[in-house]
Amino acid sequence: MFPPVAGGSNGADGSNGADGSDGTGDTDADAADVDAAEATAATAAADRRERSYRGISRRLAAHYLRNLGGTLVGTDDPAEATRVDGDGWTAELSAEPVAVAGSLTLTEVTVGFTGDPEVLDDLIERFSQKAMRAGG
């Protein structure tokens with residue numbers, strides 16, 4: 001076996017210690033590395049879908065998402081909410097006025113859904129039913 005090189009490893013498995021750790025003896029840091037790797041893998045497996053809805057406010061969108069099991073992040077006021085987290089999903093909210101005809105404008109709320117694909121299928125369907133506005 002060759003002597004260790006700065007930044008290199010001693011073990012055949014790429015670790016510095018015989019126990020497979022990083023050789024520092026800090027098992028909490030090793031566990032944190034595993035947790036970070038699992039979180040990265042979960043994020044990579046998560047699906048991202050973006051939908052736009054006209055005729056509703058960001059406040060109302062946040063209220064609907066809260067009724068679907070979400071929790072407002074960073075505020076208790078739905079009118080100020082830009083993110084709602086639920087079990088297996090996250091929704092990011094933005095709103096802007098859009099011109100529909102001449103000087104007429106509507107608010108268009110864009111929701112960025114992120115989460116487990118099966119969870120999102122049901123969530124987006126239920127949210128879209130609440131957010132649907134009929135013409136008249």
Side-chain angles (χ1 to χ4, degrees):
M1 178 156 125
F2 295 104
V5 178
S9 65
N10 291 334
D13 64 352
S15 66
N16 289 328
D19 63 353
S21 70
D22 62 5
T24 63
D26 189 354
T27 56
D28 289 337
D30 294 339
D33 290 344
V34 169
D35 290 343
E38 288 175 357
T40 300
T43 302
D47 202 6
R48 171 126 173 110
R49 302 177 194 173
E50 193 169 281
R51 302 288 188 272
S52 295
Y53 302 91
R54 291 184 176 183
I56 67 169
S57 63
R58 189 175 69 199
R59 177 197 61 80
L60 196 53
H63 179 73
Y64 291 159
L65 288 164
R66 191 167 56 180
N67 286 344
L68 292 170
T71 303
L72 303 179
V73 176
T75 184
D76 290 330
D77 182 6
E80 300 297 321
T82 57
R83 185 172 148 199
V84 181
D85 287 349
D87 188 20
W89 58 269
T90 296
E92 295 173 351
L93 304 168
S94 64
E96 64 181 65
V98 293
V100 291
S103 63
L104 296 177
T105 61
L106 286 175
T107 299
E108 182 175 81
V109 173
T110 301
V111 185
F113 296 97
T114 306
D116 178 82
E118 291 179 10
V119 171
L120 292 186
D121 290 341
D122 181 55
L123 176 68
I124 293 172
E125 175 65 28
R126 292 178 14 199
F127 179 83
S128 295
Q129 288 175 358
K130 290 178 175 289
M132 182 174 36
R133 298 293 179 262

Could you go through residues 91-102 and list every donor-acceptor pair under 3.5 Å that involves a side-chain atom there, pairing it with any protein atom two or more places apart or in another chain?
none

Side-chain donor-acceptor distances from residues 114-124 under 3.5 Å, at least two apart:
| residue | atom | partner | partner atom | Å |
| --- | --- | --- | --- | --- |
| T114 | OG1 | R48 | NH1 | 3.3 |
| D116 | OD2 | E118 | N | 3.1 |
| D116 | OD2 | V119 | N | 3.2 |
| D121 | OD1 | R49 | NH1 | 2.6 |
| D121 | OD1 | R49 | NH2 | 3.0 |
| D122 | OD2 | R126 | NH1 | 3.0 |

Identify all side-chain donor-acceptor contacts of residues 58-71 below 3.5 Å with residues at least two apart in sequence or on another chain.
| residue | atom | partner | partner atom | Å |
| --- | --- | --- | --- | --- |
| R58 | NE | A81 | O | 3.1 |
| R58 | NH2 | A79 | O | 3.0 |
| H63 | NE2 | N67 | ND2 | 3.3 |
| Y64 | OH | R133 | NH2 | 2.9 |

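For D76, the CG atom is loosely surrounded, since the number of other residues' heavy atoms within 6.0 Å does not exceed 12.
Sorted by first and then second residue, the pairs that involve residues 102-111 and meet salt bridge (Lys or Arg N to Asp or Glu O under 4.0 Å), not counting sequence neighbours, are R54-E108. Here ring pair (Phe, Tyr, Trp, His ring centres under 6.0 Å) pairs that include residues 79-124, with residues two or more places apart or in two chains, are F113-F127.
Take D85 and apply the salt bridge (Lys or Arg N to Asp or Glu O under 4.0 Å) test, not counting sequence neighbours, and it matches R83. Partners of S52 under the side-chain hydrogen bond (donor to acceptor under 3.5 Å, both in side chains) rule, at least two apart in sequence or in another chain, are T110. By the side-chain hydrogen bond (donor to acceptor under 3.5 Å, both in side chains) test, S128 pairs with Y53, sequence neighbours left out.
For the pair D77 and T75, the tightest heavy-atom approach, listed with the atom from each and the gap, is N-OG1, 3.1 Å.
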